[in-house]
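What follows is one structure encoded as structure tokens, with my remarks underneath.
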Amino acid sequence: MPFKPIENPKCPKCQKSVYAAEERVAGGYKWHKSCFKCGMCGKMLDSTNCTEHEAELYCKNCHARKFGPKGYGFGGGAGCLSMDTGSHLQQGDDIVTSRAPLLPKAIAKAPEGEGCPRCGGYVYAAEQMLARGRAFHKSCFKCGLCTKGLDSFNVTEGPDKDIYCKVCYGKKFGPKGYGYGQGGGTLQSDLTADSEQAPRTTVIDTACIKAPPGQGCPRCGGVVFAAEEVLAKGRPWHRKCFKCKDCKKTLDSIIACDGPDSDVYCKTCYGKKWGPHGYGFACGSGFLQTDGLTEDEISQQRPFYNPDTTSIKAPPGQGCPRCGGMVFAAEQQLAKGTMWHKKCFNCAECHRPLDSVLACDGPDREIHCRACYGKLFGPKGFGFGHTPTLVCADGAPAAIHNDARPNSGPKAAPGQGCRRCGYAVYAAEQMLSKNGIWHKRCFSCVECKRSLDSTNQNDAPDGEIYCRGCYGRNFGPKGVGFGMGAGALTMA
């Protein structure tokens, strides 16, 4: 028996055998790796961008140019007109492009109830679109009224077992009347193709079925069923009745407010009728809210209440130090281990309200603000007021020392005391310079008497300390350019 070699599949491009090491599979055919490219533009392809048509390979762009839809809207961008067939990419001139409309191909009819509901033909997996368990051709998957192409996001199945876009479905099967049009307040009375007059609007009377007392809708008294039930404060309402009592605004669970009269209000009407009234409680800061109420009604509904903290006396040493009443946790303020009423927690002198930051405990077991504490118990004399104020709260004039240097105490050994006054310098008042140690009160400029610190003091050759200005005048350079400004002459 003669040897018969195994036949290998042929490449549709070159009609030569394709072996396993170099094969590429697309559309049920096997291709050489070098032949696996677009038949129009010659672009090399892979499994992600190849498209097969009648044993010929194309990239996605060329396939759309040659076999895709043509006309307005199918170009590169919205509103573009695409009539490109890719003829400029073909090598030969034997291709004739016809501008005649494309006729639909003959589709094999399927058995009743198994094919496409629109055309009745067989639907294969590569072109099927599903809606309500039924398979449509992709070209048949369009609105039954306006023939707009649909997808899974905007398709709507109608009661007549057809598919529609959302707009046409609303026109044909949606509610009609005021408020159901394209915008708020629009009257929707669009007549469908099947009917010659607009449908009648049914007004539902929710009070026709009365409920037992205390069990129905608080507004109309009718029975409330689960499909129309809205709850407020444990009571069921009809959705139609769940609106503000005053302005009739429709409410929901977010803006509904239960009033003391067992009715519901919107937030604005609730604030006008039951909210606080007076200066600062209106829509903006500083407005006076007295909408719908007289002065007598405001005073009757919102009477002023002044709590008497002394009505309940506490045992000695356990109550408020100011009034002696019992202090409860809701009004408690603490100061130095004692409990105060919030109303009594103010300065004993100026009666300014205090808190834990401003309060100062005085030696007289009272509390004061900082200013009053300083006047009563703070140090007196020049420099202890609001600088350079002289504080003398007790009426006696304080002694003013023109010479701020120490004038009493033991003299220090030569070269060991303060360089200015010669007295001993202790660690608590010591200031250091290059030439020695100083008292804090003596650490000032020898000429202008300005107080100095480590950042602005200057040690002079004469053993004294100066501020920068005086040091420059005494020991700085002289001449043109060394004055206060550029070009000034300093000869001081």
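What you see is a predicted model, and the numbers here were worked out from it, not measured in a lab. We number each residue from 1, following the sequence as shown.
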Report summary line: On a heavy-atom basis, the closest approach of Ser451 and Asn456 is O-ND2, 4.3 Å

Requested in this report: Take Glu157 and Arg134 through the salt bridge (charged side-chain N to carboxylate O under 4.0 Å, His left out) test and state the conclusion after the steps.
Outcome: CA-CA 11 Å; Glu157 295 92 359; Arg134 298 174 299 163; over 6 Å; no

Report task. Under the side chain to side chain contact (heavy atoms under 4.5 Å, CB included) rule, what do Lys172 and Asp160 come out as? Steps first, then yes or no, please. Result -> CA-CA 11 Å; Lys172 192 168 184 180; Asp160 54 355; 3.7 Å; yes

Requested in this report: Run the numbers on His368 and Leu358 for side chain to side chain contact (heavy atoms under 4.5 Å, CB included), then give the verdict.
Outcome: CA-CA 8 Å; His368 306 270; Leu358 301 176; over 6 Å; no

Query raised in the report: Does Val327 reach the side chain of Trp340, with side-chain heavy atoms less than 4.5 Å apart?
Result: no

Query - Heavy-atom closest contact (Gly216 atom, Val224 atom, distance) - result: C-CG2, 4.3 Å

**Report entry** Student check: side-chain heavy atoms of Phe377 and Asp364 closer than 4.5 Å
**Finding:** yes

Side-chain donor-acceptor pairs under 3.5 Å in residues 14-21, sequence neighbours left out?
| residue | atom | partner | partner atom | Å |
| --- | --- | --- | --- | --- |
| Gln15 | NE2 | Pro12 | O | 3.1 |
| Ser17 | OG | Lys10 | NZ | 3.1 |

Query raised in the report: Going by the angle between their ring planes, with limits at 30° and 60°, are Tyr169 and Tyr164 parallel, tilted or perpendicular?
Result: tilted

Query raised in the report: What's the spacing between Glu23 CD and Cys35 SG if we round to 0.5 Å?
Result: 13.5 Å

Query raised in the report: Between the side chain of Asn61 and the main-chain N/O of Ala64, is any donor-acceptor distance below 3.5 Å?
Result: no

Query raised in the report: So does Lys43 have more than 12 non-hydrogen atoms from other groups sitting under 6.0 Å from NZ?
Result: no

Requested in this report: Spell out, as yes or no, whether a donor-acceptor pair under 3.5 Å connects the side chain of Lys109 to the backbone of Cys119.
Outcome: yes

Report summary line: In short, salt bridge (charged side-chain N to carboxylate O under 4.0 Å, His left out) pairs touching residues 345-354 with sequence neighbours left out are none

Report summary line: d(Leu354 CG, Cys372 SG) to nearest 0.5 Å is 9.0 Å

Report task. May I ask you to decide if Lys245's main-chain N or O and Lys248's side chain share a donor-acceptor pair within less than 3.5 Å? Result -> yes

Report task. Hey, could you give me each pair passing side chain to side chain donor-acceptor pair (under 3.5 Å) that has a residue in residues 143-154? Not counting sequence neighbours. Result -> none

Query raised in the report: Ignoring hydrogens and geometry, is there a side-chain-to-backbone donor-acceptor pair from Arg24 to Ser47 under 3.5 Å?
Result: no

Query raised in the report: What do the steps show when you test Asp246 against Lys272 for salt bridge (charged side-chain N to carboxylate O under 4.0 Å, His left out), and what is the final call?
Result: CA-CA 10 Å; Asp246 289 347; Lys272 289 180 179 179; over 6 Å; no

**Report entry** Atom pair SG/CG of Cys241 and Leu251 - distance to nearest 0.5 Å
**Finding:** 11.5 Å

Query raised in the report: If you measure from SG on Cys320 to CD on Glu331, what distance do you get to the nearest 0.5 Å?
Result: 8.5 Å

**Report entry** Heavy-atom pair of closest approach, residues Lys13 and Gly39
**Finding:** NZ-CA, 3.8 Å

Requested in this report: Report the relative orientation of the aromatic rings in Phe141 and Phe136; use parallel for angles under 30°, tilted for 30 to 60°, perpendicular for over 60°.
Outcome: perpendicular

Report summary line: Nearest heavy-atom approach of Ala232 to Asp258 is CB-OD1, 3.7 Å

Could you list the donor-acceptor pairs under 3.5 angstrom formed by side chains in residues 124-131, with sequence neighbours left out?
none

Query raised in the report: Counting N and O atoms only, with roles assigned by atom type, does the side chain of Arg219 sit under 3.5 Å from a partner on the main chain of Lys243, one being a donor and the other an acceptor?
Result: yes

Query raised in the report: Do Cys165 and Cys146 have side-chain heavy atoms sitting under 4.5 Å apart?
Result: yes

**Report entry** Sub-4.5 Å side-chain heavy-atom contact between Thr156 and Ile163
**Finding:** no

Query raised in the report: Do Gln332 and Lys342 come within less than 4.5 Å of each other through their side chains, counting heavy atoms only?
Result: no

Requested in this report: Just grab all the ring-ring contact (aromatic ring centres under 6.0 Å, His included) pairs involving residues 212-241, residues at least two apart or on different chains.
Outcome: Trp237-Phe242

Report task. Take Leu334 and Met339, measure what side chain to side chain contact (heavy atoms under 4.5 Å, CB included) needs, and give me the verdict at the end. Result -> CA-CA 5 Å; Leu334 296 178; Met339 295 184 297; 3.5 Å; yes

Query raised in the report: Would you call Cys257 and Val264 a side-chain contact if the rule is heavy atoms closer than 4.5 Å?
Result: no

Report task. State, yes or no, whether a side-chain contact exists between Cys266 and Ile255 at a heavy-atom distance under 4.5 Å. Result -> no

Query raised in the report: Which ring-ring contact (aromatic ring centres under 6.0 Å, His included) pairs, counting each pair once, include a residue from residues 308-337, with sequence neighbours left out?
Result: none

Query - Shortest non-hydrogen contact from Thr338 toward Pro321 - result: CB-CG, 3.9 Å

Query raised in the report: Where do Leu45 and Cys59 come nearest, in terms of heavy atoms and distance?
Result: CD2-CB, 3.8 Å

Query raised in the report: Do His63 and Arg65 have side-chain heavy atoms sitting under 4.5 Å apart?
Result: no

Query raised in the report: His137 side chain to Tyr122 main-chain N or O, any donor-acceptor pair under 3.5 Å?
Result: yes

Query raised in the report: Roughly how far, to the nearest 0.5 Å, is CG of Asn346 from CD1 of Ile367?
Result: 6.5 Å

Report summary line: dist Thr268:OG1 -> Lys273:NZ (nearest 0.5 Å) comes out at 14.5 Å

Query raised in the report: Is a side-chain donor or acceptor of His341 paired with a backbone partner of Met326 at a separation under 3.5 angstrom?
Result: yes

